[in-house]
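See structure below.
Remember, it's a predicted structure, so these values are computed and weren't measured experimentally. Every number for a ligand or one of its atoms is a count from 1 in the order of the listing.
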Amino acid sequence: MPILSRQPAFTVKRSDFPKDFVFGSSTSAYQIEGSSFGGCGSSHWDSFAASKGNVANFENGSIACDHYTRWEGDLDLMKDLGLDAYRFSSSWARILPQANGETNKEGLDFYDRLVDGLLERGIAPHLTLYHWELPSYLADIGGWRNRDVGDYFADYAEIMIKCLGDRLASVATFNEPWCVTWLSHYHGMHAPGLRDIRAASRTAHLVPVAHGKAMAAMRALGQEELGVVLNFEHTSPYDDNPSSAKAAELEEGILNRWFLSAFTKGKYPDTVLDHIEAYLPNDWQDDMAQIATPLDWMGVNYYTRTLVSAGESHLGSALPLSITHHGGLPRTEMDWEVYPEGLGEILCWIRDNYTHDTPLAITENGMANKDMLVGDAVDDQERIAYLDAHFNSALKAIDKGVPLKAYFVWSLMDNFEWSFGFDKRFGIIHVDFDSLQRTPKASYHALQHMLSHEKPH
Ligand code: FCB
C-alpha cells in the first residue's frame, strides 16, 4: 500500500493563520474514558460490542484509554503541546445511567473537574453532547427512531449546561448525524447495527428534531456558541458514465447535503427525499422550522474523498446501489484516500451555498497510521505530512474568505476506533493498550514546535 512521503516538520507556520485562530485536539467519551468506571450506565455501544463480529478482536470501550482516571496527565500533555482548545464529549450514559432520570453525581463531577482542569491549564473546553453512546434504556424504546428520545436528549442537554455552561467555549449537539443515521441504521456497522431503510429514514429526521429541541432548551438557559458537527467527504463521479453522475449525486446528497441543508435551510434535498420520504414520520414538514434554528457555528469533520459509480440494483437494496472507488491516491491505514485539496474545496462550498457568514471549525481531521513504538519514540512522519497538507488546504479556504476559526486534530491519543477496535491508531500520542502508557509521537512534537514558535501576540 503506498504511503505518504516522509516529512520531518510542518511547512506551515502558526503565523500563517489568523491571529485568533484556535488549535485544538478532539476525542470522544466512549473512545477514551472507559465505560465501566464511575457509575456509567450501559450504552448501545456496550451491547453492540458484546455481540461477536461487530468489533474487531471482540474489543470494547469498557477500559479504553482509562482517561476517566488518567485525565490529569492527559490534560498536562495537552498543555505541554501548547493547545488552545480541547473538543471532548460527555457520555449521556454516564450522566443518566438509568431510566429513572436520576443524575449520576460522580459522572457530572468528572466533567466538572475536567472543565476546571482545562481552564486551569489555559485550554478552552468545547463540549459535544452526543458522540454516539445512547443509554441502553433509550435504545430499548427504539432509540433515535422514537421521537420521545429527542425530548430526553433536550433534558440531558439542560443538565450539562446547568453544570458546565458558564465555563464552556462552545457546545455541539451531535457529532456526525450521518454516522448516527446511515452507518448505524442502514449499513449496520455501528450501534445499534441495523440494516433497515425505515429505521435509517426515521433517524435521518428525528436526529435533526432532537438537535432542534436541545438547541431550544440550551438557548432558553442563555447558552451561547451553540452548533453541530457534520462529516463531509469530497464526492464525485468515478467516470464519465451518466449513471455515475446520478449515483454520485444521490451519495453526495445523503452524505454531505441532507443534514447540512436541514440545519441551515430547513429543507431536505429532493434527490434524497425522493427515495426516503415514504419512510419519514408523518407531518415531518412541521418540524423543519425548529430544525433550522440558527447555528452560532458549525463543525466540519473531514478525512477523505469518495468516487462513485452506479451498482447493479438487486433485490433487497432499498436505495439504488452505488459503488465507491479509490482513485489511485495514497491511502491511510483506514484505506481512506488522502485528498487534502478536498478540505479547502468543501469549506468553500459549504460557505458559498449554506453557511455564508456563520463561523466554521474543522472539528476533526487526521489519519490512522501503522505507528510503531520503538524505544520511547513513534516516528509518524506520514501523519505530519497528512496534517501539513490539510493545514495548507485550510489556509487556502481562509484566503478565499471562509470564516474558519479553528482546527482540531483527530485525535489527541490512540483510542477505541469503534468497529475497528484498537487496531487503528489516530492519535498524536501513542497509547500502549496493555500498560496504558502514553508516548507523544513525532507529530505531537512537530505540532508543539509549530504552536510554540511565532505565536502571534
Ligand atoms: C469520525 C468519528 C470519530 C473517529 C474518526 C476517525 O467519524 O467522529 O469518533 O472515529 O471518525
### Task
Please say whether more than 12 non-hydrogen atoms of neighbouring residues, nucleotides or ligands are located less than 6.0 Å from NE2 in H449.
no

### Message
Are Y303 and W410 an aromatic pair, judged by ring center distance below 6.0 Å?
### Response
no

### Query
F426 heavy atoms, cut-off 4.0 Å: which ligand 1 atoms fall inside?
6 (C)

### Task
Look at atom 3 (C) of ligand 1 and find which of E417, M334, E364 reaches it with the closest heavy atom.
E364

### Task
Do me a favour and list the nearest non-hydrogen protein atom to atom 5 (C) of ligand 1 with residue, atom name and distance?
Y303 OH, 3.3 Å

### Message
Quick check on the 6.0 Å ring-centre criterion: do W144 and F174 meet it?
### Response
yes

### W410-ligand 1 polar pair, N/O distance under 3.5 Å
no

### Query
Strictly under 6.0 Å, is that where the ring centroids of F263 and H211 end up?
yes

### Message
So, 4.0 Å and heavy atoms of N175: is ligand 1 close enough to count as a contact?
### Response
yes

### Query
Of all the atoms in ligand 1, which lie at a distance below 4.0 Å from a heavy atom belonging to H131?
2 (C), 3 (C), 8 (O), 9 (O)

### Summary
atom 7 (O) of ligand 1 has as its nearest protein heavy atom E176 OE1, 2.5 Å

### Task
Decide yes or no on side chain to side chain contact (heavy atoms under 4.5 Å, CB included) for L75 and I123, but give the supporting numbers first.
CA-CA 9 Å; L75 265 49; I123 302 168; 5.5 Å; no

### Message
Ring of F153, cation from K213 - is the NZ or CZ under 6.0 Å from the centre and inside 45° of the axis?
### Response
no

